[in-house]
Every structure is written in C-alpha cells, then in structure tokens.
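FYI, side chains are in, hydrogens and waters are out, and symmetry mates aren't considered; it's all heavy atoms of this structure. Keep in mind that this is a model prediction, so the values were computed, not measured. In listed order, ligands and their atoms are each counted from 1.
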Amino acid sequence: MKNTTVLISGASVAGPALALWLGRMGCTVTVVEKAPALRLGGQAVDFKGATHLTVLERMGVLDEVRRRQTGGTDQEVVDADGRRLAVIPGAFTGGDIEIRRGDLAALLYERTRRSCEYVFGDSITSLTETTGGVHVTFERGAPRTFDLVVGADGIHSNVRRLAFGPESGYVNFTGHYYALADLGLDHPPAMYNEPGRMAALGGPKAPAFFVFASGRLDYDRYDAEQQKRLLIDAYRGMGWKVPELMARLRDAEEVYLDSISKVRMDHYAKGRVVLLGDAAYGNTLGGFGSGLAIVGAHVLAGELAEADGDHVTAFARYEEIMHRYATVTGQSSAGPFLAPPSPLRITMRNWMFKRSLLLRVMLKATDRFARSVELKDYPALAPVGGSTR
Ligand SMILES: Cc1cc2nc3c(=O)[nH]c(=O)nc-3n(C[C@H](O)[C@H](O)[C@H](O)COP(=O)(O)OP(=O)(O)OC[C@H]3O[C@@H](n4cnc5c(N)ncnc54)[C@H](O)[C@@H]3O)c2cc1C
C-alpha cells in the first residue's frame with residue numbers, strides 16, 4: 001500500500017479511532033496532541049443505533065465501552081422552587097451507550113499506544129505539500145515529512161485553519177453558548193430554564209452545565225477567569241440555584257465556555273491533508289459527534305485500504321460517504337432546544353417529555369438518522385488472526 005506514514009492532529013475520539021485502524025493496516029502513525037497529556041475530563045458522549053455499535057464492535061472496543069458506560073440517567077426539569085415539571089429520560093440524552101469522553105479517549109489510547117507514536121504538548125505550525133508528502137513544522141518538535149496529514153483536532157481545528165483557511169469560513173455560530181464546570185455540588189440530575197437560558201446540575205453531560213442565547217462574545221478560549229466573568233454576566237438575575245452556582249463559579253478550578261456552532265465544508269480534503277470528526281462536520285451538542293467521528297475514521301481507513309493507499313481516490317470516496325451522512329445528522333440544533341427563547345417554547349419543550357408516544361417517535365427518528373449511512377465491510381480492516389485487540 002502507498003502512503004503509509006500518517007500524522008494525525010488530535011488525540012480525543014476521532015484521532016485515536018483512526019490510529020487504531022491505520023495501525024491494523026500496518027501504517028506508521030504519529031498522533032500529535034496540543035494538551036500536555038491525554039485530556040481525561042469532560043462530558044459524556046453517546047452512541048446511537050446499529051451503525052455506531054457495529055463500528056465499535058469492529059474496532060474491538062464495544063464490550064469495554066459497555067463496561068465503562070455511564071448509562072442513561074433520567075433528569076428532572078424543575079421550576080424556580082425545585083418542583084418537578086417534567087422528566088427527560090436517560091435514553092433521550094444518552095443514546096444506546098453513554099460513556100465519558102475522557103474514558104473513551106483513554107480506552108482508544110490504550111489500544112493504540114503500542115502501535116503508534118503519541119506526541120503530547122505539541123502542535124503543527126505549518127503544512128507544506130511537496131510532490132511526495134507533506135512537510136510539517138511543529139511548535140516544539142523538529143520538522144518532519146509525512147505521506148498524509150489528518151486533522152482530528154476538533155471544531156476549532158488547527159489543521160483546518162492551516163490547510164483551508166480561517167475558521168470564520170467554515171464554522172457557523174448558532175447564537176448560543178454552552179459552559180461546563182465542576183462546582184463541587186453533589187446534586188440529583190436537574191435542569192432549570194428561563195427564556196434563552198438553561199442551568200443544569202448533576203446531569204448526564206457534566207456536573208454543572210449551562211446553555212444560553214447570546215450574540216457573539218469576544219474572549220480568549222484559554223482564559224478561564226474571563227470565561228467565568230462572561231458566564232456570571234449571562235446568568236445575572238436568574239432564579240433557582242443559579243445565584244449559588246455563580247458564587248461557586250468564582251472559585252471553580254475548571255470552566256469551559258464555547259459557542260454552539262456547526263461546521264460546514266464542501267470538501268474535507270485538500271491534497272494530502274484531510275479532516276476527520278468535529279474538525280470536518282462538528283455540530284456542538286448535536287448528539288452525533290462521537291458517532292460521526294468513529295464512523296468517519298472507519299470509512300477513511302477503509303477507503304484508503306480499498307484504494308491501496310491512493311489518497312486522491314480514497315479521500316474523494318470518504319468525502320462523498322461522510323458528506324451525505326453528516327448532512328443528515330447535522331440538522332439538529334441544541335441551543336433552542338436546551339434554552340428555548342420564550343416561556344411558551346419552554347412549556348412546549350417540557351410537554352414533549354411528558355408524551356411517551358412523541359418521545360418514542362423522536363427516539364426512532366434519531367436512531368434512523370444515526371443509521372443513515374451504508375456501512376461497507378472493508379476486509380483490510382478485519383482484526384489480524386481474529387483478535388480484536
Ligand atoms: C458538553 C458536550 C456534550 C456532548 N455530548 C455529546 C453527546 O451526547 N453525544 C455525542 O456523540 N457527542 C457529544 N459531544 C461531542 C463529542 O465530544 C465530539 O463530537 C466527539 O468527541 C468527536 O470529537 P473529535 O475527536 O473530532 O474532536 P474533539 O473531541 O474536540 O478533540 C479534538 C482534540 O484535538 C486536540 N487539539 C486541539 N487543537 C490542537 C492542536 N492545535 N494540535 C493538536 N491537537 C489539538 C484537542 O485537545 C482534543 O484532544 C459533546 C460535546 C460537548 C462539548
């Protein structure tokens with residue numbers, strides 16, 4: 001096979017999933033991750049329907065993912081006095097299997113760290129395509145040349161910026177922000193809304209989770225203190241436990257604030273550089289991010305194997321398959337659903353959770369979306385000697 005030395009940027013879900021397949025195909029894989037070590041914290045992610053589960057099974061990690069699953073916690077929607085208004089069933093937010101993103105990343109890292117090279121605490125600074133490869137420079141490490149480069153570095157992808165241009169051309173802001181924090185409160189899963197704002201505690205996604213409507217905010221994504229101030233401003237005057245949460249936020253060690261955005265790209269590849277996962281088709285909180293990432297990794301590796309490493313053919317097929325799939329699953333918009341804009345819309349959203357028939361229809365629809373890709377059986381990706389390890 002041609003093109004067997006591959007650099008992947010990003011060691012979360014998409015990157016290590018691809019490393020697993022490429023390692024099995026005998027490629028020489030390097031994964032570069034900006035964080036100084038594997039990022040273990042974070043929200044729960046979920047997989048829905050037969051397609052996602054089949055890919056996890058082919059990867060040989062399904063049983064382990066099941067063992068580590070957090071599993072469908074119901075969450076109460078409450079009023080300002082904490083009285084229950086509705087219950088969001090665990091199956092709605094947690095799909096078929098729910099696992100912490102950090103646990104999933106750790107599992108994939110564990111399965112790939114012997115077959116590929118991981119470089120933490122570094123980042124690509126330039127990509128120059130030559131006739132036979134891509135010359136890559138790094139913030140810290142020495143320059144190197146690879147046959148192919150994969151950007152699996154999330155919705156604010158560095159590789160996308162370097163190869164395709166600024167993120168303003170590809171990342172569409174939806175008018176909402178979300179924030180995650182650990183405020184040291186042990187609270188049963190509950191969610192409270194006022195128009196355009198949501199605060200949740202103890203829920204399936206994070207210990208404290210906020211979604212709010214807003215115009216664009218100008219801030220540094222790596223400045224936690226600035227993010228705290230923005231969040232406190234956005235939640236001023238809100239009822240329920242919010243004043244206490246904001247008081248605790250001042251001392252919180254970790255807070256993460258980001259926009260709810262959708263990535264829209266006509267092409268995922270440019271020459272020898274290709275994008276995977278949220279970098280190519282991210283839809284914040286859309287509910288399909290991890291599923292898309294693992295299906296995308298499977299398709300990309302499979303098409304490379306089928307094309308005998310010919311990246312032009314393989315990338316075109318990957319793009320065609322994933323474009324269709326990502327367009328179907330990219331329709332959902334989390335912001336207005338989690339933080340409806342008016343009292344009426346909040347009541348209507350809560351009402352939906354009380355109608356089991358309506359909920360079943362919605363769950364069936366998400367399952368259908370998650371299955372809306374034809375999963376080829378790529379023989380080259382089969383585990384060597386039948387072992388899935
Ligand atoms: C609150 C929240 C809830 C979510 N809930 C769900 C859910 O219920 N279901 C679901 O399927 N998905 C969910 N997601 C989305 C899911 O986490 C992602 O879609 C999924 O992990 C795929 O991500 P990825 O690997 O493509 O990118 P990411 O997980 O964003 O990882 C990108 C990696 O690249 C690294 N990186 C960034 N910049 C650089 C650089 N310059 N150089 C090298 N490395 C870099 C980052 O440190 C990170 O490790 C949720 C996300 C959030 C934030």
**Student:** Looking at Arg324 and Glu320, is any side-chain nitrogen of the basic one under 4.0 Å from a carboxylate oxygen of the acidic one?
**Tutor:** yes

**Student:** Ligand 1 versus Tyr178, non-hydrogen atoms closer than 4.0 Å: side chain, backbone, both, neither?
**Tutor:** side chain

**Student:** Report the nearest protein non-hydrogen atom to atom 43 (C) of ligand 1: residue, atom name, distance rounded to 0.1 Å.
**Tutor:** Lys34 N, 3.2 Å

**Student:** Does Ser9 have a non-hydrogen atom less than 4.0 Å from ligand 1?
**Tutor:** yes

**Student:** Could you give the distance from CZ (Arg111) to CE (Met59), rounded to the nearest 0.5 Å?
**Tutor:** 9.5 Å

**Student:** Measure the CG-OG distance between Leu230 and Ser214 for me, rounded to the nearest 0.5 Å.
**Tutor:** 8.5 Å

**Student:** Can you check whether Ser332's main-chain N or O pairs, donor with acceptor, with Asn283's side chain at less than 3.5 Å?
**Tutor:** yes

**Student:** What part of Ala44, side chain from CB on, backbone N/CA/C/O, both or neither, has a heavy atom under 4.0 Å from ligand 1?
**Tutor:** backbone

**Student:** Counting heavy atoms only, which part of Leu285 comes closer than 4.0 Å to ligand 1: side chain, backbone, both or neither?
**Tutor:** side chain

**Student:** As a check for students: among Gly121, Gly15, Ser123, Gly151, identify the option with a heavy atom nearest to atom 41 (N) of ligand 1.
**Tutor:** Ser123

**Student:** Could you see which bit of Asn158 sits under 4.0 Å from ligand 1, with heavy atoms only: side chain, backbone, both or neither?
**Tutor:** side chain

**Student:** Could you check which of Glu33, Arg39, Gln43 puts a non-hydrogen atom nearest to atom 15 (C) of ligand 1?
**Tutor:** Gln43

**Student:** Considering only heavy atoms, does Ser157 approach ligand 1 within less than 4.0 Å through its side chain, its backbone, both, or neither?
**Tutor:** neither

**Student:** Which is it for Ala14 and ligand 1 at heavy atoms under 4.0 Å: side chain, backbone, both or neither?
**Tutor:** both

**Student:** When you measure from the centre of the six-membered ring of Phe164, is the NZ or CZ of Lys270 under 6.0 Å away and within 45° of the axis?
**Tutor:** yes

**Student:** I'd like to know if the side chain of Arg264 reaches the main chain of Asn172, judged simply by a donor and an acceptor atom lying under 3.5 Å from each other, with no hydrogens or angles considered.
**Tutor:** no

**Student:** Of the side chain and backbone of Leu180, name the one, both, or neither that has a heavy atom under 4.0 Å from an atom of ligand 1.
**Tutor:** side chain

